[in-house]
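Because the structure is a prediction, the values reported are computed rather than measured.
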Amino acid sequence: MALASEESRVLLIYTGGTIGMLVSESGYVPEPFFLFETLRSQTSRFHDPLGDSLLSKSRSVEGFRAWTESQNASREASRSRSRHTSPQRSGFRATIDILGPIPSLTGRAKEANQVHATPLHELDSVSPRRPEDRQTSFVPPDTPPPSNPVSTRLLVRSTRPLRAPPGTEDDTEGESPRGRHELSSNVCKKVRENCYEMYLPSLVTPSASSAPGGNVKRIRYAVLEWSPLLDSSNMEIADWIRIAEEIELNYHLFDAFVVLHGTDTMCYSSSALSFLLEDLGKTVILTGAQIPLSQLRNDAVENLLGALSIAGQYIIPECSLFFNHTLYRGNRVSKMSSSDFDAFDSPNFPPICTVGIDIDINWGDIVRPTSLRPFKAHKNMCPNVATLRLFPGITAATVRAFLSPPVQGVVLETFGAGNAPQRADLVAALKEACERGVVMVAISQCAKGSVSDAYETGRALQAVGVASGGDMTTECALAKLAYLLSKTDHLSTAQIHSLMQVPLRGELTLPAASLITSPPVAEPPTSDSNDPKDFGSLLNHITRLSASSLVPSVKVAAPTVHHQEHRPKPTHSLTLLGSTVALSKSARETTSSWMSTASETASAEAALYPFLVHLAVARDDVETLNFCLGRQTDSSAPIVPPTMGESPIDHIGGGVESFPISNSNRNLVKGGVLNCLDVASGRTPLHVAALNGSVKCIQVLLEAGALVHIRDSLDHTALYYAARHSHGSIVDCLLQAGAHLGGADVEGGYVRLAVKFAQSVGDLGALAVWAKIGVV
């Protein structure tokens, strides 16, 4: 779903990789802070603090013309000064004029020059604060309250000591009070064990004229650079866990995360992070490059800019990988080429997003968190896992040696659809390992396709205890196995064997037969249906909820079906710009006109669903809300908050919507009806429920996967509205789902004002609600 605020915060975690390398005698090598300096110098794309670059001004013809006039005036002023230069400097000035006129360093042109020449933290003294520079992310309670909501530095936390880029450490002259506080304490502080924090300089992109809903968005980001920078071939399990920990440490400070990574093992890392980041509710994107930023012709600019744009504009709550204009699910992708820009592919699952003229997101296939648990990073993976690729003639002795202790899990790469040699000694070696407790998972050596029991040779593997990995990639199966085997305190070997065969993060496709036994889902009208009964049902819900108590409700019935001999003669008319024009039979036959199409009906339904879902939530009407979501529930059953049981799923962060409704007209709604925005206010149904105290609907929305981190046009979260109106039970539900305050809630001072007012009037109930969030 699109972020609604004017500016979003993204943390760029730079682990290393080709994207920031330079050429040396030894080949490409990483160089500390080269990436940051390169991004800071590219004002047209990656850093435009004043919003006055040519790119920012060129969103319209008028803006470009104003920029041109400003530049011409600056050049003319420069020429005028050069004509009045003293004689002793006239020779020098003439030489300069041969090279070209020097723009005047007055006004905003001087400010822009200072931006490039001075450390980033001095920007507050260069230009006055402007509304578009307002920050919008959550500042933790232990941070001193800002006297000015704008700062060019962002608080960043890490598991290792932090370093600021050279030249940005300690100049406090001209800073705002907030900036001076940050700079005066601008040293890396140890908060607790394995947690350090520091204010790092931030960069900000130009406004994005193609942002969702036509909003002009800016993305402010900080670069958390690892030291030393790693080539991806040196990545290990500990590094995957470190990335997960740093996302967890900064989860409340940033809206999204982009991880810069080398391409060789990027898909291993994206697969691992998809499991380590449990109950994820924010966007995490991995990206890199085949050619570094240091080269004139490269793919680094498009990959990084695309990843930043998606992360800063949308909430896609899963770990993904962006490369060559395409966003893939992180655990579905493999590297296919070492020489092409199109280096990655996801043969068994469509891309989440494609970036062309438009950013097209496949909302129907995005994983939605439904567990009602807050985000946390799992900090352990079993290292005793391996991959065994079968080949013709492989010996049993080789297999036994491979499967010997301390191996606990093996990904078995089989032939075709899950087949393996049927020699008795080889089958016996596999059976012995399974009986000893080694978890074995069969996947296909083919890039596309899945293992199955269609062949006798494939069923033989299942008979000895080898689990089916479906269409998982090798990288994903290995990461999933290491993840599950790290939870042996909660999961038995049999449970791990079973969990390897079901999707936890959308990593495999269930066979069609298994979907029949899935939890029942109401069958919604299909997108190719033109049944007037379906459309009438939608209108009935709208009129029922829209009608006031003083006006009798109107029921919209489906057209009555008459017998042929009593069927009334149809009348045909066409509405043109508000006027109804009767059409004769000859006119209709001449033009072969269509009176209606299934697509038109589907489009009409899609236009009405957002209105209906907001109306249903405002009225706390669970029946209508379930109709909008295409769910079948017992409306008479009481709403009971979920409890943490001892089901295996409770230990793997696997509460995701695994059965999306893919054939409904509801999916024609951009972002889906669950998180659709009200055009006027930018609020989601969750915001409406929080505002109106819709206790029953809030539970349904969260269980269906509503996103708790979306902010409306006023930059407020649903949690703020629930607390502001003292809806304590809704606050409890949102906190349980991992919600936290952000944007204008804290930075704009609204929470502080609400708490101060409650204290002044002695509203103990309101103070108790704010105390639940931790702000009192």
Side-chain angles (χ1 to χ4, degrees), residues 235-238 240-241 265 267-268 271-272 275 331 334 380-447 449-453 455-502 504 507-508 648 652:
M235 277 280 175
E236 298 179 352
I237 288 179
W240 299 340
I241 295 173
T265 63
C267 47
Y268 286 92
S271 294
F275 297 105
N331 53 34
S334 294
N380 190 21
M381 294 189 84
C382 176
N384 301 320
V385 295
T387 300
L388 176 60
R389 185 179 181 91
L390 297 181
F391 57 88
I394 187 172
T395 65
T398 300
V399 173
R400 281 194 175 90
F402 189 88
L403 298 176
S404 61
V407 170
Q408 296 176 252
V410 171
V411 176
L412 195 64
E413 296 188 17
T414 61
F415 306 132
N419 304 317
Q422 296 301 292
R423 298 197 319 270
D425 58 343
L426 184 61
V427 173
L430 297 175
K431 184 177 181 180
E432 290 170 7
C434 292
E435 291 176 347
R436 195 172 67 246
V438 176
V439 181
M440 302 187 66
V441 183
I443 64 171
S444 176
Q445 295 180 9
C446 302
S450 173
V451 299
S452 70
D453 58 357
Y455 294 89
E456 179 184 3
T457 51
R459 296 184 183 184
L461 287 179
Q462 297 182 20
V464 300
V466 178
S468 170
D471 57 356
M472 281 192 292
T473 64
T474 301
E475 300 89 345
C476 174
L478 196 67
K480 183 178 181 180
L481 197 53
Y483 168 73
L484 291 177
L485 285 171
S486 70
K487 293 177 174 279
T488 51
D489 291 344
H490 303 288
L491 302 175
S492 66
T493 301
Q495 288 175 326
I496 294 174
H497 181 277
S498 299
L499 289 170
M500 285 299 299
Q501 302 179 78
V502 296
L504 306 179
E507 71 276 7
L508 62 85
I652 57 177

_Rounded distance (nearest 0.5 Å) linking atom CD of Glu507 with atom CG of Asp471_ = 9.5 Å
*asked:* Test your reading of the model: is there a side-chain donor-acceptor pair from Gln422 to the backbone of Ala420, 3.5 Å cut-off?
replied: yes
*Which atom names give the shortest non-hydrogen contact between Met440 and Cys434, and what distance separates them?*
SD-SG, 3.8 Å
*Shortest non-hydrogen contact from Thr493 to Gly437?*
CG2-O, 3.8 Å
*Please name the pair of heavy atoms, one in Leu508 and one in Met500, separated by the smallest distance, quoted to 0.1 Å.*
CD2-O, 3.7 Å
*Check whether any side-chain heavy atom of Trp240 sits under 4.5 Å from a side-chain heavy atom of Met381, and report yes or no.*
yes
*So, the side chain of Gln445 versus the backbone of Leu390: is there a donor-acceptor pair under 3.5 Å, distance only?*
yes
*Should Leu461 and Leu430 be marked as a side-chain contact (heavy atoms from CB on, under 4.5 Å) after you check the CA-CA gap, both sets of side-chain angles, and the distance that decides it?*
CA-CA 8 Å; Leu461 287 179; Leu430 297 175; 3.6 Å; yes
_Quick test of your reading: applying side chain to side chain donor-acceptor pair (under 3.5 Å), list the pairs with at least one residue in residues 391-408, sequence neighbours left out, ordered by first then second residue._
Asn384-Gln408, Thr395-Thr398, Arg400-Glu432
*Would you indicate whether the side-chain heavy atoms of Val399 and Asp425 approach each other to under 4.5 Å?*
no
*Can you tell me how far CD1 of Ile496 sits from NZ of Lys487, rounded to the nearest 0.5 angstrom?*
10.5 Å
*Any side-chain heavy-atom pair of Phe275 and Cys476 under 4.5 Å*: yes
*Pairwise side-chain contact, Tyr483 with Cys382, heavy-atom cut-off 4.5 Å (strictly under)*: no
*Sequence-distant partners of Phe402, side chain to side chain contact (heavy atoms under 4.5 Å, CB included), two or more places apart*: Ala386, Leu388, Val410
*Could you walk me through whether Leu481 and Val439 pass the side-chain contact (heavy atoms from CB on, under 4.5 Å) check?*
CA-CA 8 Å; Leu481 197 53; Val439 181; 3.7 Å; yes
*asked:* Using only atom types and a distance under 3.5 Å, with no angle test, would you say the side chain of Ser444 pairs donor to acceptor with the backbone of Gly416?
replied: yes
_Minimum heavy-atom distance Ala429-Ala396, with the two atoms named_ = CB-O, 4.3 Å
*Distance, nearest 0.5 Å, that separates CG of Leu478 from OG1 of Thr387*: 4.0 Å
*asked:* Distance alone, cut at 3.5 Å: any donor-acceptor contact between the side chains of Ser334 and Glu475?
replied: yes
*Donor-acceptor contact present, side-chain Arg423 to main-chain Ala428, <3.5 Å*: no
*Nearest heavy atoms of Ile443 and Ala477, plus distance in Å*: CG2-CB, 4.1 Å
*If every non-hydrogen atom of Val451 is compared with every non-hydrogen atom of Ser468, which pair is closest and at what distance?*
CG2-OG, 3.1 Å
*Just by modelled atom types, is the Gly465 backbone N or O under 3.5 Å from a matching donor or acceptor in the His497 side chain?*
yes
*asked:* Keeping Ser271 on the side-chain end and Ala479 on the backbone end, is there a donor-acceptor pair under 3.5 Å?
replied: no
*Side-chain contact, heavy-atom cut-off 4.5 Å: Cys446 with Phe415?*
no
*Output yes when a side-chain donor or acceptor of Ser492 lies under 3.5 Å from a complementary backbone atom of Gln495, and no otherwise.*
yes
*Roughly how far, to the nearest 0.5 Å, is the CG atom of Leu504 from the CG atom of Leu484?*
6.0 Å
*Return yes if some donor-acceptor pair links the side-chain N/O of Lys480 with the main-chain N/O of Leu499 below 3.5 Å, else return no.*
yes
